[in-house]
Q: 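Take this structure, written in structure tokens, and hold onto it; I'll ask about it next.
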Amino acid sequence: MNRSTALSMAAVMTALVAAAPPAAAAAHPRSTISWQPCPAYSDEALDMMVPPDLRDRFEQLLGRLECGTISVPLDHAKPRGRKITVALTRLPATDRAHRLGSIALNPGGPGGSGYLMPVQLLTQGAADGLNDRHDLIGFDPRGVGHSTKTSCPDTGDGDGPDSIGPLTKAQARTLYRAEAEANAACGRSDPAFLARLTTADVAHDLDLIRSGLGERKLGFLGVSWGTWLGVVYRSLFPASVSRMFLDSVAIPDFSLVAFSDGRAAAAERNARRMTAWLAERDDRYHLGSTAQQVSATIVALRADYDTNPRTFTDLPIALDGSFVAVAASQDAPVWPLAGQVLAELRGATGPAAPPTVKEVIRVPSATEPEPEPPADLPEQGNRTMNRAVFCNEDPSRLGFDAAWAAYQRRLADNPLTGRSLGFSAGCAGWPLPVQTVDLRRGGGSLVLSGHRWETPSPYEWTWQTKAEVGGTVYTVDDDVHGSVLQQPDCAADVVGYFGTGRIDRGCAGVPVPTDAAGKAAGIAAFPGTSPGKVTFRTLAASKLSL
């Protein structure tokens with residue numbers, strides 16, 4: 001299997017520390033937002049942005065959206081210096097007579113676009129009531145979408161060897177060297193701008209947005225990396241926060257080693273939940289009647305595929321043990337699909353691929369080539385911003401020997417899922433200085449939403465964050481990253497919290513499937529994967545953002 005997805009810098013990006021002095025910053029003076037007509041989108045772009053059955057709702061909300069820009073200092077320590085532009089949107093509260101204020105939204109990343117998040121959130125329907133008494137504020141962080149941004153040179157740093165089977169040390173060294181050189185080239189391409197792509201700089205921009213909106217205090221709803229932005233904003237501007245809800249909480253004390261170890265351990269832990277689920281359905285999957293038997297079957301299957309990779313006449317890639325580990329790394333909604341894949345892999349004799357295995361690998365078609373995205377399709381994520389935030393804030397920047405040792409240890413510690421992990425140089429070679437911020441307590445109401453079984457933001461990070469910044473823990477009993485706003489019962493709690501300041505201690509989240517219901521959902525979950533890539537969620541894919 002081509003390792004580019006797992007080994008590219010984008011595949012390990014997530015910002016978890018930020019650049020700023022440790023003391024709280026003073027709230028910004030009144031700033032000015034320049035309001036202007038919102039962009040128009042072609043039918044082709046809309047077709048790619050929203051499912052057909054939700055198109056009318058999406059366009060109705062677009063019609064209510066207000067769009068603007070705000071000028072901010074590139075370096076907030078030099079307010080009279082170079083200025084850049086941050087783009088924002090506002091979806092006004094529908095009940096203006098009882099309006100409570102504004103809630104800023106961030107979907108994660110770093111590098112994720114939040115410009116259309118108010119529309120996207122309400123189109124999903126579960127959190128409709130959030131807009132009744134609150135203006136919803138979207139924005140593209142600096143470096144993303146409609147805001148000022150830059151692009152690193154394309155050096156092909158994600159192009160690893162196409163070898164099949166476990167990565168050798170020599171191959172890893174080649175990958176490490178290429179990534180380190182790409183990091184160095186990126187950091188040197190626009191150092192003045194790239195050095196100011198930090199979570200703390202985005203937090204300062206957000207406070208200028210608050211000021212421009214005329215709000216004394218700002219509500220905030222963040223998911224994934226957006227949770228780190230939230231705690232940094234609250235630490236720097238404690239007097240500017242009203243109520244804050246953070247879903248799938250990021251690690252509070254970041255190092256690349258701790259981050260990668262935490263995710264790897266969480267993936268293995270959840271895989272053992274899946275083995276128990278599969279064991280209860282041995283009459284369907286025939287992988288073992290106990291969790292221990294299923295685990296042993298998967299470990300043996302992974303070892304067999306590494307020793308004897310399979311080539312099928314109708315697949316563009318050979319399958320090795322990493323594919324088995326990917327199947328074992330799935331969230332609960334995809335367990336029926338993953339179980340069927342594992343069962344088919346165990347019995348595969350060729351020459352054609354088993355049907356479900358073929359289903360989850362996108363095979364390029366000569367008659368239906370991949371369509372070019374329309375020119376007006378909004379940017380959903382920016383890799384350069386992702387890389388810069390991560391590397392400006394990562395204190396580890398491991399040398400090759402340390403990176404290789406950590407990778408080998410994760411393989412040994414995680415026999416079910418470790419082979420789904422990619423080896424990476426991380427931020428080795430990044431030429432700009434490390435910048436950090438100290439988290440502080442205080443500043444408005446805070447709810448930390450942790451998912452008990454999820455991989456991208458392991459549950460223990462929620463409690464670690466609470467120990468540093470306070471707040472109330474809200475536990476979601478599922479393994480699906482950032483699912484609160486998609487689940488009606490959970491979303492209702494969020495809406496109620498922003499209205500009253502009160503909230504229960506948790507919700508059920510996404511249910512574990514009872515049978516084959518997860519198959520279609522799993523295949524549909526990641527329709528944008530490249531030809532020859534797995535369409536259900538892989539651990540490597542989850543690393544594209546936090």
Side-chain angles (χ1 to χ4, degrees), residues 13-28 72-79 84 86 104 106 108-112 139 141-144 187 191 193-210 218 220 222-241 244 246 248-259 262 385-397 426-427 430 432-444 446 448 457 461-471 545-546:
M13 291 305 155
T14 207
L16 302 167
V17 275
H28 289 97
V72 303
L74 172 62
D75 185 345
H76 286 278
K78 301 174 181 177
I84 61 173
V86 172
N106 183 272
F139 68 103
R142 57 172 62 201
V144 180
F193 184 75
L194 292 168
R196 299 269 48 91
L197 293 182
T198 72
T199 311
D201 282 298
V202 177
H204 276 269
D205 296 343
L206 180 59
D207 202 57
L208 283 170
I209 290 174
R210 175 202 58 78
L218 186 66
F220 184 84
V223 182
S224 198
W225 173 79
T227 70
W228 180 246
L229 173 60
V231 295
V232 170
Y233 180 60
R234 187 172 179 265
S235 294
L236 295 177
F237 300 99
S240 294
V241 177
M244 180 176 286
L246 306 177
S248 285
V249 179
I251 187 171
D253 297 307
F254 176 73
S255 77
L256 181 60
V257 173
F259 167 73
M385 196 271 194
N386 185 286
R387 183 199 303 252
V389 173
F390 185 84
C391 288
N392 283 333
E393 304 176 358
D394 173 30
S396 58
R397 305 189 184 181
C427 289
W430 186 253
L432 303 176
V434 176
Q435 306 174 62
T436 61
V437 65
D438 293 332
L439 298 181
R440 303 173 75 248
R441 287 175 173 265
L446 173 64
L448 303 169
S457 290
W461 293 354
T462 306
W463 290 97
Q464 292 167 11
T465 299
K466 174 181 169 59
E468 295 206 20
V469 302
S545 63
L546 205 164

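A quick note: this is a predicted structure, and the numbers were derived from the prediction, not measured.
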Q: Search all heavy atoms of Leu218 against all heavy atoms of Ala104 and return the closest pair with its distance.
A: CD2-CB, 3.9 Å
Q: When rounded to the nearest 0.5 angstrom, what distance separates CZ in Arg441 from CD in Glu468?
A: 9.0 Å
Q: Which residue, Trp228, Trp461, Phe390, forms the ring-ring contact (aromatic ring centres under 6.0 Å, His included) with Phe254?
A: Phe390
Q: Is it true that a side-chain atom of Arg234 and a backbone atom of Leu439 form a donor plus acceptor pair closer than 3.5 Å?
A: no
Q: Under a 4.5 Å cut-off applied to non-hydrogen side-chain atoms, are Leu432 and Pro191 in contact?
A: yes
Q: Mind running side-chain contact (heavy atoms from CB on, under 4.5 Å) on Thr199 and Val437 for me, showing each step along the way?
A: CA-CA 9 Å; Thr199 311; Val437 65; over 6 Å; no
Q: Going by side-chain hydrogen bond (donor to acceptor under 3.5 Å, both in side chains), name the residues that satisfy it together with Arg142, two or more places apart in sequence or in a different chain.
A: His76, Asp205
Q: Are the side chains of Trp463 and Val249 in touch, meaning some heavy atoms are under 4.5 Å apart?
A: no
Q: Grab the two heavy atoms, one from Ser396 and one from Leu256, that are nearest each other, plus how far apart they are.
A: OG-CB, 3.1 Å
Q: Could you check whether Asn392 and Trp430, counting side-chain N and O atoms only, form a donor-acceptor pair closer than 3.5 Å?
A: yes
Q: Using every non-hydrogen atom in the two residues, find where Pro141 and Met385 come nearest and quote the distance to one decimal.
A: CB-CE, 3.9 Å
Q: Where do Val434 and Asp394 come nearest, in terms of heavy atoms and distance?
A: CG2-O, 3.6 Å
Q: Would you say Thr227's side chain and Ala250's backbone share a donor-acceptor pair under 3.5 angstrom?
A: yes
Q: Of all heavy-atom pairs between Gly470 and Leu446, which one has the smallest distance, and what is that distance?
A: O-CD2, 3.6 Å
Q: To the closest 0.5 Å, what do you measure between CD (Gln464) and CG (Leu448)?
A: 12.0 Å
Q: Identify the two heavy atoms, one from Tyr233 and one from Ser240, that lie closest to each other, and give their separation to 0.1 Å.
A: OH-CB, 3.4 Å
Q: Using the rule given for side-chain contact (heavy atoms from CB on, under 4.5 Å), can you reason through His204 versus Leu236, listing the C-alpha separation, both sets of side-chain angles and the distance that settles it, and then say yes or no?
A: CA-CA 8 Å; His204 276 269; Leu236 295 177; 4.2 Å; yes
Q: Would you sort out whether Leu206 and Phe139 count as a side-chain contact (heavy atoms from CB on, under 4.5 Å), showing the intermediate values?
A: CA-CA 9 Å; Leu206 180 59; Phe139 68 103; 4.0 Å; yes
